[in-house]
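Down below is the structure, laid out as structure tokens.
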Amino acid sequence: MPQSIFTSSDAALRERWKALQPGAAAVKAGRCELAGFDPGAKPFSGGSKAQDKAGVEALAEELDALQNLFYADRRFKLLVILQGMDAAGKDGTLRAVFGRMSPLGVRSVGWKAPTDVEKSHDYLWRIHQQTPGAGEIVLFNRSQYEDVLVPVVNGWLTPEQQTQRYAQINDFERMLSETGTVIVKFMLHISKDEQRERLQQRLDDPCKHWKFDENDLKVRAQWDDYQQAYGRLLAATHTPWAPWTIVPADSKTHRNLMVATVLREVLGNLELKYPPGAPGLDHIQVR
């Protein structure tokens, strides 16, 4: 997959996007310092919340039309990966950005802890089964990157195994890319204070109790360890064929606007087209 699809013809947008990706220095050092990215920033904002909401609505319409064209074209497959700490807004992003799309050719996969059957295979076995087919858009809510987060933070992998997994994931994604899958990866970057507020809202609202898991508090207590694990994986797996975009996610509206904007650019770069119809269709009249 050519690297040129992960950019923009708009110079200003291109620079804003590039600034929110792990840089060459971070990749070389093997660590992307998330502290250098402000989760409250709004670099893609139009100036006001009302403008940004209108922008999300307009982009959702554009993406719906592009999805229809993508499905008809069928030369590509699209895998969108959403990663982030608990309450970073993965579900909300799916609703706001993809909610207008036709269910034809679009599906989401929410990844939980592996089952006993899944654990009896290699960790990428279950992932590969859910990757998109021709003309399909698949949205991952969490992903294979859980396997270089949870076991790393909990000390279940040696440093050598961790490095090995980064290489395996890169090879896996390169294989997908070389066989027609466009991989767009978003790390939804939320602050610890904003996460606290969102988790508390789940506790304060009985209608949101189903979203709360006591394990969320255990993971929150490991915040710094997870930030370090994210920093290592972002640097190790930011590749030309599957680059990362770090999305400031304290603002839900800006988060949605940025994800939708990046996807619009990527899909636009594919130069999608409708396939030709069968010969003679222009002479047929329906009576």
Side-chain angles (χ1 to χ4, degrees), residues 20 34-57 59-60 80-101 103 107-115 139-143 145-146 149-154 185-231 233-234 245-263:
L20 288 158
L34 281 174
F37 296 86
D38 180 6
K42 300 178 182 178
F44 281 55
S45 175
S48 71
K49 187 173 183 177
Q51 284 178 295
D52 291 351
K53 281 189 172 181
V56 173
E57 289 289 318
L59 283 163
V80 178
I81 292 175
L82 299 179
Q83 276 291 150
M85 296 292 287
D86 294 324
K90 296 177 287 294
D91 290 341
T93 303
L94 292 176
R95 286 193 298 270
V97 177
F98 303 95
R100 290 177 183 255
M101 287 186 178
R107 61 183 171 89
S108 62
V109 182
W111 295 102
K112 304 293 184 182
T115 65
L139 317 169
F140 276 7
N141 183 336
R142 302 186 189 274
S143 66
Y145 288 98
E146 292 297 300
L149 284 168
V150 177
V152 169
V153 169
N154 289 292
K185 303 188 297 195
F186 296 103
M187 190 273 173
L188 306 185
H189 183 36
I190 190 176
S191 67
K192 192 174 184 180
D193 286 343
E194 180 66 21
Q195 188 202 50
R196 178 186 57 78
E197 291 185 15
R198 293 185 189 179
L199 290 176
Q200 190 63 50
Q201 287 172 4
R202 294 179 181 180
L203 289 167
D204 294 342
D205 184 351
C207 295
K208 294 184 178 180
H209 283 181
W210 67 273
K211 298 183 73 174
F212 186 82
D213 186 326
E214 289 189 17
N215 189 57
D216 295 345
L217 298 180
K218 177 185 175 183
V219 173
R220 178 170 168 78
Q222 298 171 303
W223 179 274
D224 292 341
D225 292 335
Y226 271 97
Q227 294 297 292
Q228 292 179 24
Y230 265 111
L233 80 80
L234 288 167
T245 299
I246 300 167
V247 180
D250 278 5
S251 164
K252 298 176 183 179
T253 303
H254 176 269
R255 173 200 71 206
N256 299 336
L257 178 68
M258 184 172 168
V259 169
T261 300
V262 168
L263 284 170

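Here, residue 1 is the first one in the sequence, and each next residue gets the next number. Only heavy atoms go into these numbers, but all of them, side chains included; no hydrogens, no water, no symmetry mates.
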Practice prompt. Might you confirm whether atom NZ of K42 has over 12 heavy atoms from other residues, nucleotides or ligands at distances under 6.0 Å?
Written response: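 No, NZ of K42 has 12 or fewer neighbouring heavy atoms, counting only those of other groups under 6.0 Å.
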Worksheet item: So with a 6.0 Å cut-off around NZ of K49, is the heavy-atom count from everything else above 12?
Response: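 No - once you tally the heavy atoms of other residues, nucleotides and ligands closer than 6.0 Å, there are 12 at most.
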Is a side-chain donor or acceptor of [X] paired with a backbone partner of [Y] at a separation under 3.5 angstrom?
| X | Y | result |
| --- | --- | --- |
| H209 | L203 | yes |
| K90 | G84 | yes |
| E194 | S191 | no |
| R100 | A60 | no |
| N154 | V150 | yes |

Beyond-backbone contact of [X] with [Y], side-chain heavy atoms, under 4.5 angstrom:
| X | Y | result |
| --- | --- | --- |
| F44 | V259 | no |
| S251 | L257 | no |
| L233 | Q83 | no |

Worksheet item: side-chain contact (heavy atoms from CB on, under 4.5 Å) with F186: which of T93, I81, L263?
Response: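 Exactly one option meets the side-chain contact (heavy atoms from CB on, under 4.5 Å) with F186, and it is L263.
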Fill in: By side chain to side chain donor-acceptor pair (under 3.5 Å) - contacts of S108 (at least two apart)
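S108 satisfies side chain to side chain donor-acceptor pair (under 3.5 Å) with no other residue.
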Discussion item. Could you check whether D86 pairs with R142 (Lys NZ or Arg NE/NH1/NH2 to Asp/Glu carboxylate O, under 4.0 Å)?
Written reply: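 Yes, charged N to carboxylate O under 4.0 Å.
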Worksheet item: Considering all heavy atoms of both residues, which atom of V219 and which atom of M85 are nearest to each other, and what is their separation?
Response: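 Minimum heavy-atom separation between V219 and M85: CG1-CE, 4.3 Å.
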Item to complete: Output the distance between atom CD1 (I190) and atom CZ (R198), rounded to the nearest 0.5 Å.
Response: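 If we round to the nearest 0.5 Å, I190:CD1 and R198:CZ are 4.0 Å apart.
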